[in-house]
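Heavy-atom basis, side chains included; hydrogens, waters and symmetry copies ignored.
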Amino acid sequence: MGSPRANALEEYKTLLERQRAAPLGPDEAQRLELLRDVLLELGALPPEGSPLPARPARADAVLELTFATQDDVVRAYSRNIGTGGLAIRTPRALPVGSTLELRITLPDSAQALRAFGQVAWSREDGMGVAFTQLAPDGEQRLKAFVAQDASLLQRVRGVLKTDVMELLKKDVRELGKGPAPQAANAVELDTREPVLVRLSDARLMALITELFEQKGLRVVTDSDKPARIIIVDTGSALDVLSTAARPGSRIVMVNVSGPDSLMGRLSNLSPAAFVKHPASAAAVLVAVERLLAATKSS
């Protein structure tokens, strides 16, 4: 099974092809629009109207790289990379549409890979770059790296699956005394930290929920159970926090409408993060990822 992000991209492409052949029903049209927004937030699609193509598969790899701007050379690291481009983790993100030269260090290679690209999306902690010029040998090296990365993951998963199934099917005390017993039914428990999301803006809430799922975060909407991270707005805060908040809960206050200055009436809640208007799903995701990172390091 591929990554959730890849599955979302395939579902998007399938619905898009179906839409080109015939009009979609209301539910499918709404799903297509939601997937498009999620993939744009993830950087898996270029902005609307961009001449840049949708990116191919990438490897989630942290590679050292440098990119040149008009002023200097910046050292940074990749979030993921493929033959179509890469996502870069850097506080020196460039505006969308900027062109830049990259030098990327691949594992087991002394020679840096050189490429030219254009910024497809940009935010405060990083940017996505689509390659506009990549030498054939560089493309071959990237294809080999991505294939090797995928092959390694498949081998690890295959070994784990095989070993676990063998242990379930065999009991060394009963070897030779008859057929192996049937495999036990394993129950998979979700041990991820739940993130409670309750917003009065249904559209933004749906987008955040889908985006978080694509990023591997566990989203809950039931406010009757306590949660350590709670995402609310002025319209939902008092109701949700009265039942779900607990000592140590981290509140992310999202301004879904109106001037940010009016949010002061709920300042007594002491939110751990505040997402200003106009709030986006990506901004909320960044706030939550920072809280989770701080929780792990503490």
Self-check item: Residues in side chain to side chain donor-acceptor pair (under 3.5 Å) contact with S200, at least two apart in sequence or another chain
Solution: D233

Quiz item: Mind checking what makes side chain to side chain donor-acceptor pair (under 3.5 Å) contact with D125, not counting sequence neighbours?
Solution: R79, R123

Exercise. Answer yes or no: is there a side-chain heavy-atom contact under 4.5 Å between T132 and T99?
Key: no

Quiz item: Within the distance-only criterion (no hydrogens, no angle test), does the side chain of T14 pair as donor or acceptor with the backbone N or O of E10 below 3.5 angstrom?
Solution: yes

Quiz prompt | 4.5 Å side-chain heavy-atom contact, D239 and V232 | solution = no

Quiz prompt | Same cluster (ILVMFWY, side-chain, under 4.5 Å), V286 and L291 | solution = no

Practice problem: Starting at CG of L65, measure out to CG of L86 and round the result to the nearest 0.5 Å. | Solution: 6.5 Å

Quiz item: Tracing side-chain links under 4.5 Å among I, L, V, M, F, W and Y, which residues wind up in one group with F116?
Solution: none

Self-check item: Pairwise side-chain contact, T66 with I104, heavy-atom cut-off 4.5 Å (strictly under)
Solution: no

Quiz item: Is it the case that more than 12 heavy atoms not belonging to R203 sit under 6.0 Å from its CZ atom?
Solution: yes

Quiz item: Quick one: does E28's side chain get under 4.5 Å of L15's, heavy atoms only?
Solution: yes

Quiz prompt | Side-chain touch F67/V129, heavy atoms, less than 4.5 angstrom | solution = no

Practice problem: Please examine the side chains of N255 and V275, heavy atoms only from C-beta on, and report whether any two atoms are closer than 4.5 Å. | Solution: no

Quiz item: Considering only heavy atoms from C-beta outward, does the side chain of M205 approach that of T209 to under 4.5 Å?
Solution: yes

Quiz item: Has the side chain of S122 got a donor or acceptor atom that lies under 3.5 Å from a matching backbone atom of P95?
Solution: no

Quiz item: Given side chains that start at C-beta, do those of R31 and E11 come closer than 4.5 Å, heavy atoms only?
Solution: yes

Exercise. Look at the side-chain heavy atoms of Ile, Leu, Val, Met, Phe, Trp and Tyr, link any pair under 4.5 Å apart, and say whether V254 and L292 land in one connected group.
Key: yes

Exercise. Take E210 and K215 through the test salt bridge (Lys or Arg N to Asp or Glu O under 4.0 Å) and record every step on the way to the result.
Key: CA-CA 9 Å; E210 186 79 23; K215 295 291 288 186; over 6 Å; no

Quiz prompt | For R141, all residues meeting side chain to side chain donor-acceptor pair (under 3.5 Å), sequence neighbours excluded | solution = S109

Quiz item: Hey, mind stepping through E124 and R290 against salt bridge (Lys or Arg N to Asp or Glu O under 4.0 Å) and telling me if it holds?
Solution: CA-CA 13 Å; E124 61 180 8; R290 287 177 176 173; 3.0 Å; yes

Exercise. For R75, check side chain to side chain donor-acceptor pair (under 3.5 Å) against everything at least two apart and list the hits.
Key: E64, Y77

Quiz item: Looking at CD of Q30 and CG of L34, how far apart are the two atoms once the value is rounded to the nearest 0.5 Å?
Solution: 7.5 Å

Self-check item: From F274 atom CZ to I251 atom CD1, the distance as rounded to the nearest 0.5 Å
Solution: 13.5 Å

Practice problem: Identify, with sequence neighbours excluded, every residue that meets side-chain contact (heavy atoms from CB on, under 4.5 Å) alongside E17. | Solution: R20

Practice problem: Search all heavy atoms of A93 against all heavy atoms of M127 and return the closest pair with its distance. | Solution: CA-SD, 3.9 Å

Quiz prompt | Separation between CD of Q111 and OG1 of T105, rounded to the nearest 0.5 Å | solution = 11.0 Å

Practice problem: To the nearest 0.5 Å, tell me how far L100 CG sits from Q118 CD. | Solution: 9.5 Å

Quiz prompt | CG-CG distance between L102 and L63, expressed to the nearest 0.5 angstrom | solution = 12.0 Å

